[in-house]
Number of protein chains: 2
Amino acid sequence: MTTIRSEATSARRRGPSMADVARAANVSGQTVSRVSNGRHNVDPETRERVLEAMRRLGYRPNSAARALRSGRFHSIGVIMFTLSSFGNMRTLDAIAIAAADAGYSITLIPVPHPTQGEISVAFDRLSEEAVDGVIIIVEAHLLDENDVVLPAGLPVVVVDSTAGDRYPVVDTDQAHGARLATEHLLGLGHRTVWHLAGPERSYSATHRRESWEATLRAHGADVPRALVGDWSSESGHELGLRLAADPEVTAIFAANDQMALGVLRAMHEAGRSVPGDVSVVGFDDMEESRSFWPPLTTVRQFFGEVGRRSVEALLHEVESGERDESMLVATELVVRASTAAPRA
Amino acid sequence: MTTIRSEATSARRRGPSMADVARAANVSGQTVSRVSNGRHNVDPETRERVLEAMRRLGYRPNSAARALRSGRFHSIGVIMFTLSSFGNMRTLDAIAIAAADAGYSITLIPVPHPTQGEISVAFDRLSEEAVDGVIIIVEAHLLDENDVVLPAGLPVVVVDSTAGDRYPVVDTDQAHGARLATEHLLGLGHRTVWHLAGPERSYSATHRRESWEATLRAHGADVPRALVGDWSSESGHELGLRLAADPEVTAIFAANDQMALGVLRAMHEAGRSVPGDVSVVGFDDMEESRSFWPPLTTVRQFFGEVGRRSVEALLHEVESGERDESMLVATELVVRASTAAPRA
DNA sequence: GGGTTGCATGTTCACGTCAACATGCGATGC
DNA sequence: GCATCGCATGTTGACGTGAACATGCAACCC
């Protein structure tokens, strides 16, 4: 009459619970709980007996019950585009590590396609209470356009984007990086710098472009029309061919390394030497950039830092209820072989 | 006396529960549950009243309570190295999408460093019951060396590796891909093919290398000594310089695209033309490979397919209890401009 | 020696949900 | 006109855990 269940539902049997361990160790459930949570007010001998029982039975604490009891899930949701950029992946890595260090796990909430509907679907997953906070790595304009409603009271940090002043943002200092790149080229003696921008509705692309333009103006240089790509090396190649055809062009700042790669290919195809005829600077410093031909001068982003800081900010809000300030992470220029002074 | 709590713990207030909704809609909790789960045996008018109350209160079902009640978490754990390869990221993407489609979320279990201790730590997270099954994207030798104990009864699928016959494996058909690459080069008329292998203890590297060697033998070609890299473009560059110094070398099969990129750079530096003097083939077909200089001939892996299939296999086991067979996903040769017939 | 303190351990109950089992009521059948 | 059925809705209890509140016992104090 008591345990028919264990027979009936044999296909999906649950593991042992605290009660089972308690029985086996001849203690109360509460003592098992104390051992399980590493409390110190347990007699060493009793503790050992309980641990032994746990081992023997293969006991695993049930996190659902724990979460139900405590109201905390010890999990951070990360909303991001799938097949996202190299940088986002690196950021995700750092987030995962930082979260793990803090005892939180990461729940991925993928957005397969950045279309109206899909985004909402992703956020719908949040309507099921299962995370303590959320880190969003999605271009902010998509949030705006979808008038996504985040559950009230859920801590949120936005990465690599902007969020007006609705949420704290952790981001690379795009403007700083773009200035470094532009000034590097001007400093080498180039009359001006052409720009291969990222998609118009991307905030990071916009920031880089605006800063490039501002830097040129500050130095009294002409501001050529920016060419707009889509972050892909393919688009870099296509637009690069156009720039290669113009002998005026001696310095190019591409908004990411992948487009810079496409530009390098275009220059090779057009028979223009890099950096002899044309200097090229990228943005990101991806793993491979040092092995491009020629090795790429680029702006290094510290994705790890961005990831770490965003977790820090989020957990601070989760645990204290206070919202952090937004913050920017500096960049660094990495000079390699794709830039040089223009021909005399 | 009843609700001091809502005042006292104002900092960490829980959201409304079913009971709150029930009260607001003047129905029983069970009816709320039925509406929440989309059951059909609810009067349309009642349903509307409940939905209205949910909306008004901002009700979100508590997944912890649900999981506790049902014994299912609707979550898949993914154990993988951080800063992992391009391919693993693509696989992860596909896994996330496939899981989301099936109504499961992904819990990331990162392994910061593939050292003894770290791996065990990652698996310890599993000892806290919170996922219905696990997909492991970690080189299998690490599992062996750490005699990791997975919780008994937890469904597991291993990706891109081997697991003896302990668990089902979903993997790219490495041998097939390596054969395609090697035969392509032999077919162009090269006397033999040099190989830049991945790290010795990587199963995929070993499979590719063994298949390369077997293919050469099958065609009666000499088998040069393989050079061993670490998957990075840096190592490809370093070893590439050695190959560049040997005029005998006319065809190189690199075990991944990143090393192939390093080889291309080495050839440029050494003044050997690709594909004029030396043909180069990679493995993976990463996004950027088409923009290398010259665009890289490579073996395409279908990471998306691997991810999808692994989720399929795992969920099949989770839901039916039956273990799937291991399976291989075919590859495809993508011929671009880095390969040609040898000089006469 | 009676009271107090400190510590290991036990008991009770609520966290939010949902399956299983009522209940209640109008419609249908003979 | 009374039994039967179908359907909407309600009540009860258990899932596994851990906070809050006992209890029980030894050591200590004056």
Side-chain angles (χ1 to χ4, degrees), chain A residues 1-6 8-9 12-50 54 57-74 127-130, chain B residues 1-6 8-9 12-50 54 57-74 127-130:
Chain A
M1 190 171 139
T2 40
T3 49
I4 298 168
R5 185 170 43 76
S6 68
T9 54
R12 182 140 298 280
R13 190 157 61 256
R14 291 188 182 218
S17 74
M18 274 198 169
D20 298 320
V21 175
R23 212 171 305 120
N26 199 29
V27 294
S28 72
Q30 188 54 216
T31 298
V32 177
S33 170
R34 284 192 263 255
V35 171
S36 176
N37 291 320
R39 294 288 149 71
H40 292 296
N41 52 346
V42 178
D43 188 277
E45 199 180 308
T46 310
R47 172 188 307 278
E48 196 38 60
R49 206 164 72 244
V50 171
M54 284 179 170
L57 298 179
Y59 168 74
R60 297 189 290 151
N62 183 314
S63 63
R66 216 169 242 189
L68 176 58
R69 185 69 243 272
S70 68
R72 295 289 278 301
F73 297 89
H74 280 277
S127 66
E128 185 150 324
E129 210 169 340
Chain B
M1 185 172 145
T2 38
T3 46
I4 298 168
R5 185 169 45 73
S6 67
T9 54
R12 181 136 298 283
R13 195 158 55 259
R14 290 185 181 221
S17 72
M18 274 196 167
D20 299 317
V21 175
R23 211 170 305 122
N26 199 26
V27 295
S28 72
Q30 188 54 214
T31 299
V32 178
S33 170
R34 285 191 264 256
V35 171
S36 176
N37 292 319
R39 294 287 149 72
H40 292 297
N41 50 348
V42 178
D43 188 277
E45 199 181 306
T46 310
R47 172 189 307 279
E48 198 39 60
R49 208 165 70 247
V50 171
M54 285 180 171
L57 298 179
Y59 168 76
R60 297 188 291 151
N62 182 313
S63 63
R66 215 169 246 188
L68 176 59
R69 183 75 240 278
S70 69
R72 295 292 263 334
F73 298 87
H74 281 279
S127 66
E128 186 152 320
E129 210 167 340

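Letters A, B, ... are given to chains in the order of the sequence lines, protein chains preceding strands, and every chain is numbered from 1.
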Just how far, in rounded Å, is [atom2] of [N] from [atom1] of [X]?
X	N	atom1	atom2	answer
B/Arg72	C/dC18	CZ	P	14 Å
A/Phe73	D/dG16	CZ	P	18 Å
B/Leu68	C/dA14	CG	P	16 Å
B/Asn37	C/dT17	CG	P	10 Å
B/Arg69	D/dG16	CZ	C1'	12 Å
B/Arg23	C/dG16	CZ	C1'	13 Å
A/Glu45	C/dA8	CD	P	13 Å

On the nucleotide D/dA19, are OP1 or OP2 found under 4.0 Å from the side-chain N or O atoms that A/Arg39 carries?
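The answer is yes; a side-chain N or O of A/Arg39 sits under 4.0 Å from OP1 or OP2.
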
Might you list the N or O atoms of the protein lying below 3.5 Å from N or O atoms in nucleotides 24-26 of chain D, with each pair's distance?
none

Below 3.5 Å between N/O atoms, which protein atoms pair up with nucleotides 9-11 of chain D? Just atom names and distances, please.
{"residue": "D/dT9", "atom": "OP1", "partner": "B/Thr46", "partner atom": "OG1", "Å": "2.4"}
{"residue": "D/dT9", "atom": "OP2", "partner": "B/Asp43", "partner atom": "N", "Å": "2.9"}
{"residue": "D/dT9", "atom": "OP2", "partner": "B/Thr46", "partner atom": "OG1", "Å": "3.4"}
{"residue": "D/dG10", "atom": "OP2", "partner": "B/Ser28", "partner atom": "N", "Å": "2.8"}
{"residue": "D/dG10", "atom": "OP2", "partner": "B/Ser28", "partner atom": "OG", "Å": "3.1"}
{"residue": "D/dG10", "atom": "OP2", "partner": "B/Thr31", "partner atom": "OG1", "Å": "2.9"}
{"residue": "D/dG10", "atom": "N7", "partner": "B/Arg34", "partner atom": "NH2", "Å": "2.9"}

Under 4.0 angstrom, heavy atoms only, what part of the nucleic acid is B/Ser17 near: base, sugar-phosphate, or nothing?
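If one applies the 4.0 Å heavy-atom cut-off, B/Ser17 turns out to touch the sugar-phosphate alone, with no base involved.
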
Atom [atom1] of [X] and atom [atom2] of [Y]: how far apart are they, to the nearest 0.5 Å?
X	Y	atom1	atom2	answer
A/Met54	A/Arg49	CE	CZ	12.5 Å
B/Arg47	B/Ser36	CZ	OG	10.5 Å
B/His74	B/Arg66	NE2	CZ	8.5 Å

Go through the structure and list residues passing side chain to side chain contact (heavy atoms under 4.5 Å, CB included) with [X], not counting sequence neighbours.
X	value
A/Ala64	A/Asn62, B/Ala67, B/Leu68, B/Phe73
B/Arg34	B/Gln30, B/Thr31, B/Arg39, B/Asn41, B/Val42
B/Asp43	B/Glu45, B/Thr46

Using C1' atoms of five pairs at each end, report the bend of the helix from C/dG1-D/dC30 to C/dC30-D/dG1 rounded to 10 degrees.
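Computed from the C1' atoms at both ends, the axes differ by 50°.
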
What pairs meet the salt bridge (charged side-chain N to carboxylate O under 4.0 Å, His left out) rule with one or both residues in residues 15-27 of chain A, with sequence neighbours excluded?
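Listed by first then second residue: A/Asp20-A/Arg23.
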
Taking DNA chain C as the partner, which of residues 58-66 of chain A come within under 4.0 angstrom of it by heavy atom?
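Those residues whose heavy atoms fall under 4.0 Å from DNA chain C, taken from residues 58-66 of chain A, amount to none.
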
Considering all heavy atoms of both residues, which atom of A/Arg69 and which atom of B/Arg14 are nearest to each other, and what is their separation?
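In this case the closest contact between A/Arg69 and B/Arg14 is O-NH2, 2.9 Å.
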
Can you name the closest pair of heavy atoms from A/Leu57 and A/Ala24 and give their distance?
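Between these two residues, the closest heavy atoms are CD1-CB, 4.0 Å.
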
Considering residues at least two apart in sequence or located in another chain, which fulfil the side-chain hydrogen bond (donor to acceptor under 3.5 Å, both in side chains) criterion with A/Ser63?
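In terms of side-chain hydrogen bond (donor to acceptor under 3.5 Å, both in side chains), with neighbours along the sequence ignored, A/Ser63 is linked to no residue.
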
